[in-house]
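These notes are about the structure you will find just below.
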Number of protein chains: 2
Amino acid sequence: MSLPHAILTALLEKPSSGLELTRRFDRSIGYFWSATHQQIYRELGKLERAGFIRALPSEQPARGQKKEFEVLPAGRAELTGWASGEQESKPIRDALLLRLRAAAVVGRTGLDEELRRHLGLHRRQLAEYEEIEGRDFGAAAEPADRLRRLVLRAGIGLETFWVAWLEEALAEVEEMAAGEDPAGTADADAGGRPGE
Amino acid sequence: MSLPHAILTALLEKPSSGLELTRRFDRSIGYFWSATHQQIYRELGKLERAGFIRALPSEQPARGQKKEFEVLPAGRAELTGWASGEQESKPIRDALLLRLRAAAVVGRTGLDEELRRHLGLHRRQLAEYEEIEGRDFGAAAEPADRLRRLVLRAGIGLETFWVAWLEEALAEVEEMAAGEDPAGTADADAGGRPGE
DNA sequence: GACAGCATGTAACATGTTACATGATTCA
DNA sequence: TGAATCATGTAACATGTTACATGCTGTC
């Protein structure tokens, strides 16, 4: 139940059309909550029917015509309630970690290239976040900007972690390849299973 | 498309029934790929129909009777292909960050308590991971265990990050409360919007 | 008027969540 | 025999993904 609240937040920051929202979900908000345009249009319809948002009156009701939405008081109240309550964070769900665990059982063919590729991606993302921080956030500003900067710093911290972990993982995998299994393709045994 | 592969990995590590899998998805594998028993049973059905796994022959086909599964060669091949190919990691999706961003617009009522609560949860999770590392992984072992340890170290790194970030966020939010907005409940304005 | 690009959608399907249903086993 | 627990499932719905459909606007 977070996409509607992401949309309400974005619309409070600035009334927008579906496509404008889609673009903002590719940057900004999208850095920690992504959504496709199909999801956004579907959700805009629901929010409108629920009375949380309304289309800005601009006479065109037709398909292919731009349609801007703004948040109504009920929508702001809904968002306030959601933001101030309790909510558990979901456990980690990461396919790369899963694949590492699979590689422990079926062999680590191609693993080092994949780790290197991800390392490159995360380094690029980290650089992008750091550029945004340098460009948009200078000295301590008003509360709203300080909160947005905290969010950005979470992104920076996470990417920093991934870069460090991937470097560690790559070193470990290369050391394993240099060691007892020159081909690096043999299946590992299934005995022991610590970590259960 | 990761749950079937998570199940194949788990079954290769050890043939299991649906309920046993469910339990392992609450520890171990579940630390980076969670699943409920309903998902697991549904997926076991699909994997069986696809010829990737089979029920161990033990005569009982009835409801309420334990049913153990093992991976067939086709299943192992499927997993090997999935683990050795390319695959993008999904962008971050974190509701707490989204709520921080919402708080920048609708006010930060209750935010500090929520941050403290999450800090406690992440500290506990970190301690659990560290205990597992100390208990199950000693000196460098065989390749399979070294890979599993790498996965665990990702969990440790992520929790370490969250603890550090939450401490930073809490300090910042408390400083904001001590500053220009004693009540801490007023709405922030919507002007500026850096980070777009 | 043809085409590119903008803008809004529909449809079908996969995955994840929540609530509930049913049968087997054990033990008081 | 009745309650607790183990074990396997169904149903309904919410959310996310992929592919496609339709109408508008500007420009060559």
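Nothing here was measured: the structure is a model prediction, and the numbers come from that model.
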**OP:** Rounded to the nearest angstrom, tell me the gap between atom CG in Leu56(B) and atom C1' in dA7(D).
**Re:** 16 Å
Original post:
Quick one: Glu68(B) CD to dC6(D) P, roughly how many Å, whole number?
Top reply: 17 Å
**OP:** With sequence neighbours excluded, tell me which residues meet side-chain contact (heavy atoms from CB on, under 4.5 Å) with Ser84(B).
**Re:** Thr109(A)
Subject >> Contacts of type side-chain contact (heavy atoms from CB on, under 4.5 Å), residue His37(B), not counting sequence neighbours >> reply: Thr22(B), Tyr41(B)
Subject >> Check: Arg99(B)/Thr9(A) side-chain N/O donor and acceptor closer than 3.5 Å >> reply: no
Subject >> Glu114(B) to Gln87(A) - nearest heavy-atom pair and separation >> reply: OE2-N, 3.0 Å
Subject >> Pairing of Arg149(B) and Glu172(A) as salt bridge, 4.0 angstrom limit >> reply: no
**OP:** Mind checking side-chain contact (heavy atoms from CB on, under 4.5 Å) for Ala169(B) and listing every partner two or more places apart, or none if nothing turns up?
**Re:** Leu150(A), Leu115(B), Trp165(B)
**OP:** Round to a whole Å and report the spacing from CG of Leu21(B) to C1' of dC6(D).
**Re:** 15 Å
Original post:
Minimum heavy-atom separation for Ala6(A) to Trp33(A), with atom names?
Top reply: CB-CD1, 4.4 Å
**OP:** For DNA chain C, find the residues of residues 79-88 of chain B with a heavy-atom distance under 4.0 Å and give them by number; none if there aren't any.
**Re:** none
**OP:** Figure out the CD/C1' separation between Glu43(B) and dA14(C), and round it to whole Å.
**Re:** 10 Å
Original post:
Within less than 4.0 Å of OP1 or OP2 of dT8(C), is there a side-chain N or O belonging to Tyr41(A)?
Top reply: yes
Original post:
Going only through I, L, V, M, F, W and Y residues with side-chain contacts under 4.5 Å, is there a path from Val105(B) to Leu72(A)?
Top reply: no
**OP:** For the side chain of Leu3(B), starting at C-beta, report the closest nucleotide among dA7(D), dT8(C), dG16(C).
**Re:** dG16(C)
Subject >> Spacing of Leu19(B) atom CG relative to dA24(C) atom P, expressed in whole Å >> reply: 17 Å
Original post:
With a 4.0 Å cut-off on heavy atoms, is Thr22(B) in touch with a base, just the backbone sugar-phosphate, or nothing at all?
Top reply: nothing
Original post:
Which residue pairs satisfy the ring-ring contact (aromatic ring centres under 6.0 Å, His included) criterion with at least one member in residues 82-102 of chain A, sequence neighbours excluded?
Top reply: His5(A)-Trp82(A)
Original post:
Can you list every pair that meets salt bridge (charged side-chain N to carboxylate O under 4.0 Å, His left out) and has a residue in residues 28-43 of chain B, with sequence neighbours left out?
Top reply: none
Subject >> Atom pair distance, as rounded to whole Å: CG in Leu44(B) and C1' in dT8(D) >> reply: 10 Å
Mind listing the N/O atom pairs, protein and nucleotides 3-5 of chain C, below 3.5 Å?
none

Original post:
Which residue pairs pass the salt bridge (charged side-chain N to carboxylate O under 4.0 Å, His left out) test with at least one member in residues 78-87 of chain B, sequence neighbours excluded?
Top reply: Arg117(A)-Glu86(B)
Subject >> Lys67(B) NZ to dG9(D) C1', straight-line distance once rounded to whole Å >> reply: 10 Å
**OP:** Return the residues of residues 45-52 of chain A meeting this criterion: a heavy atom under 4.0 Å from some atom of DNA chain C. Order them by number, or give none.
**Re:** none
Nucleotide N/O of nucleotides 17-20 of chain D paired with protein N/O under 3.5 Å:
| unit_1 | atom_1 | unit_2 | atom_2 | d |
| --- | --- | --- | --- | --- |
| dA19(D) | N6 | Gln38(A) | NE2 | 2.7 |

Subject >> Residues forming a side-chain contact (heavy atoms from CB on, under 4.5 Å) with Leu119(B), sequence neighbours excluded >> reply: Arg123(B), Val163(B), Leu166(B), Glu167(B), Leu170(B)
Subject >> N-O pairing of Asp26(A) and Arg23(A) below 4.0 Å >> reply: no
**OP:** Any ring-ring contact (aromatic ring centres under 6.0 Å, His included) involving residues 93-115 of chain A? Give me the pairs, sequence neighbours left out, ordered by first then second residue.
**Re:** none
**OP:** Using whole Å, report how far NE2 of His5(B) lies from C1' of dA14(C).
**Re:** 14 Å
